[in-house]
Number of protein chains: 2
Amino acid sequence: MKSDKISEAVVRRLPVYLRYLNELHLREVATVSSQELGQKLDLNPAQIRKDLAYFGDFGRKGIGYDVSYLIEKIRHILKLDQQINVVLVGAGNLGHALSNYNAFLKDNMKIVAIFDAYTPKVGTKINNLVVQSMEELTATIKEFGIRIGIITVPDVEAQDVADKLISSGIEAILNFAPTILKAPPHIRIHTADFTTDLQSLAYYLDNGKEDADHDEA
Amino acid sequence: MKSDKISEAVVRRLPVYLRYLNELHLREVATVSSQELGQKLDLNPAQIRKDLAYFGDFGRKGIGYDVSYLIEKIRHILKLDQQINVVLVGAGNLGHALSNYNAFLKDNMKIVAIFDAYTPKVGTKINNLVVQSMEELTATIKEFGIRIGIITVPDVEAQDVADKLISSGIEAILNFAPTILKAPPHIRIHTADFTTDLQSLAYYLDNGKEDADHDEA
DNA sequence: TAGATTGTTAATCGATTAACAATC
DNA sequence: TAGATTGTTAATCGATTAACAATC
């Protein structure tokens with residue numbers, strides 16, 4: 001197929017493929033079919049083939065996909081074949097937790113700087129990185145060529161931080177604050193909000209009879 | 001409208017509505033239109049009206065939605081008008097961070113127990129909760145009527161933990177481990193995987209000329 | 001060769017959006 | 001009343017899935 005505009009749904013599945021392919025590679029599995037991939041990842045095999053076909057003909061008819069080759073291709077598509085520098089803003093509990101999450105590292109994503117607005121925190125060390133004050137944000141982003149920002153500040157500060165990141169030249173933001181950030185269209189924002197995740201889970205709890213919500217069936 | 005099967009997309013937007021409505025309520029705003037809601041939340045007003053109409057006629061033509069009334073309704077729909085007890089498995093950095101995330105609390109979701117498989121951690125205190133050993137998991141879940149589990153253990157342990165949670169009677173799981181969990185269909189699982197979030201963000205970085213990926217335009 | 005599996009088209013399904021009568 | 005805004009139907013858009021010829 002090639003080209004076309006790729007939908008976000010497709011892009012979001014690529015890292016999932018990559019993760020399982022890495023696992024296969026570790027187990028020295030050489031080849032995998034869309035069927036097996038689908039079974040393992042709870043996805044339709046046709047969807048997987050279609051997703052991959054957007055980017056090229058990576059498989060072989062009758063055989064399947066070469067694991068190593070596909071890993072290489074997906075890494076390239078996701079731009080993980082180069083180091084991506086990441087900045088983390090907000091050295092609270094969550095920021096702390098994310099900072100020593102090395103899962104990023106093996107895929108070339110690296111948190112290279114941490115910032116916090118709270119003065120007493122500035123200068124302390126988190127995972128070999130010295131927490132910097134917000135004044136240095138722009139300079140550091142430029143110096144290290146940082147391209148992605150992770151926001152783990154309280155919700156009221158999130159928009160301000162986003163604005164600063166954007167004006168400093170960041171291209172994409174992963175936002176953990178429970179708020180909808182406004183940004184120009186060329187800035188990509190993903191929201192990772194477990195409050196809404198958890199609340200939407202509650203919907204699916206089964207309350208049996210009790211009040212049955214009036215329109216049960 | 002009423003009834004129909006509600007899609008997950010709709011359910012996932014409800015907590016977002018709720019959050020902003022709570023903010024309006026705090027600011028003592030009495031009424032809000034789908035238009036204003038849409039603007040603030042980056043959603044189509046028609047979609048918001050449709051989402052809400054699945055559950056009842058909550059608005060008034062020509063007026064909009066009564067903020068307090070809508071909050072009450074959404075909280076009921078999401079079952080947040082009763083306390084939902086949550087268990088956290090995995091007392092590592094992330095688990096630690098989540099455990100003192102009181103945002104849950106104000107919406108009636110409460111982490112009432114924490115478990116970890118690592119013996120030296122058992123017995124230590126995290127946010128007033130004593131970390132318990134996995135042997136006590138089932139008993140505690142039953143005793144406290146815990147209905148939702150949060151998994152923050154390493155990926156290799158996640159499926160085991162999920163199995164244990166499920167056999168102990170948990171109804172829904174929020175999984176932070178980077179792996180696809182298998183579970184019977186009546187168990188609701190949400191995956192909160194920031195590794196894939198972050199990796200999919202990298203796709204949208206702009207590499208300008210450099211190699212242009214062969215099929216740029 | 002026979003069996004397996006891709007890439008891709010066509011069919012289906014579902015979700016979003018536009019439009020508007022009803023009505024506050 | 002005139003203006004605003006809902007609830008809902010119909011239109012659109014997009015994503016998923018089935019099916020199958022090509023081919024390893």
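Per chain, numbering begins at 1; letters A, B, ... match sequence-line order.
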Closest approach to the side chain of [X], judged atom by atom: which nucleotide of [options] is it?
| X | options | result |
| --- | --- | --- |
| B:Lys61 | C:dT16, D:dG7, C:dT17 | D:dG7 |
| B:Lys50 | C:dT16, C:dT5, D:dG7 | C:dT16 |
| A:Arg13 | D:dT16, D:dT6, C:dT8 | D:dT16 |

For the pair made of [atom1] in [X] and [atom2] in [N], what is the distance, rounded to whole Å?
| X | N | atom1 | atom2 | result |
| --- | --- | --- | --- | --- |
| A:Tyr65 | D:dC24 | OH | C1' | 14 Å |
| A:Gln47 | C:dT5 | CD | P | 19 Å |
| B:Ile63 | D:dG3 | CD1 | C1' | 11 Å |
| A:Asn44 | D:dA19 | CG | P | 11 Å |
| B:Leu41 | C:dT17 | CG | P | 14 Å |
| A:Asp66 | C:dT5 | CG | C1' | 15 Å |
| A:Phe58 | C:dT8 | CZ | P | 12 Å |
| B:Leu37 | D:dA4 | CG | C1' | 16 Å |

Open item on the list: For A:Phe194 and A:Phe176, take the angle between the two ring planes, folded into 0 to 90°, and tell me which bin it lands in: parallel under 30, tilted 30 to 60, perpendicular over 60.
Closed with: tilted
TODO: List the atom of B:Ile77, the atom of A:Tyr203, and the distance in Å for their closest heavy-atom pair.
DONE: O-CD1, 3.5 Å
TODO: Using a 4.0 Å heavy-atom cut-off across all strands, classify B:Arg49 as base, sugar-phosphate, or nothing.
DONE: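 Base: the residue B:Arg49, judged by heavy atoms under 4.0 Å, touches a nucleobase.
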Open item on the list: Looking at A:Ser34, I'd like to know whether one of its side-chain N or O atoms comes within less than 4.0 Å of OP1 or OP2 on C:dT5.
Closed with: no
TODO: Give a yes/no answer on whether the side chain of A:Ser7 brings an N or O atom under 4.0 Å of OP1 or OP2 in D:dA15.
DONE: yes
- [ ] Could you check which nucleotide pairs with C:dC20 in any of the strands shown, counting Watson-Crick or G-U wobble with both distances under 3.5 Å?
- [x] D:dG7
Task: Assigned partner base of D:dC13, Watson-Crick or wobble definition, under 3.5 Å - done: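 Looking at the geometry, D:dC13 pairs with C:dG14.
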Open item on the list: Between B:Arg12 and A:Asp197, does any NZ, NE, NH1 or NH2 come within less than 4.0 Å of an OD or OE carboxylate oxygen?
Closed with: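 Salt bridge: yes.
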Open item on the list: Checking side chain to side chain contact (heavy atoms under 4.5 Å, CB included) between A:Pro178 and each of A:Thr196, A:Asp155, A:Thr191, which is the one that passes?
Closed with: A:Asp155
Open item on the list: Within the structure provided, determine whether A:Leu137 and A:Val89 are in side-chain contact (heavy-atom separation under 4.5 Å).
Closed with: yes
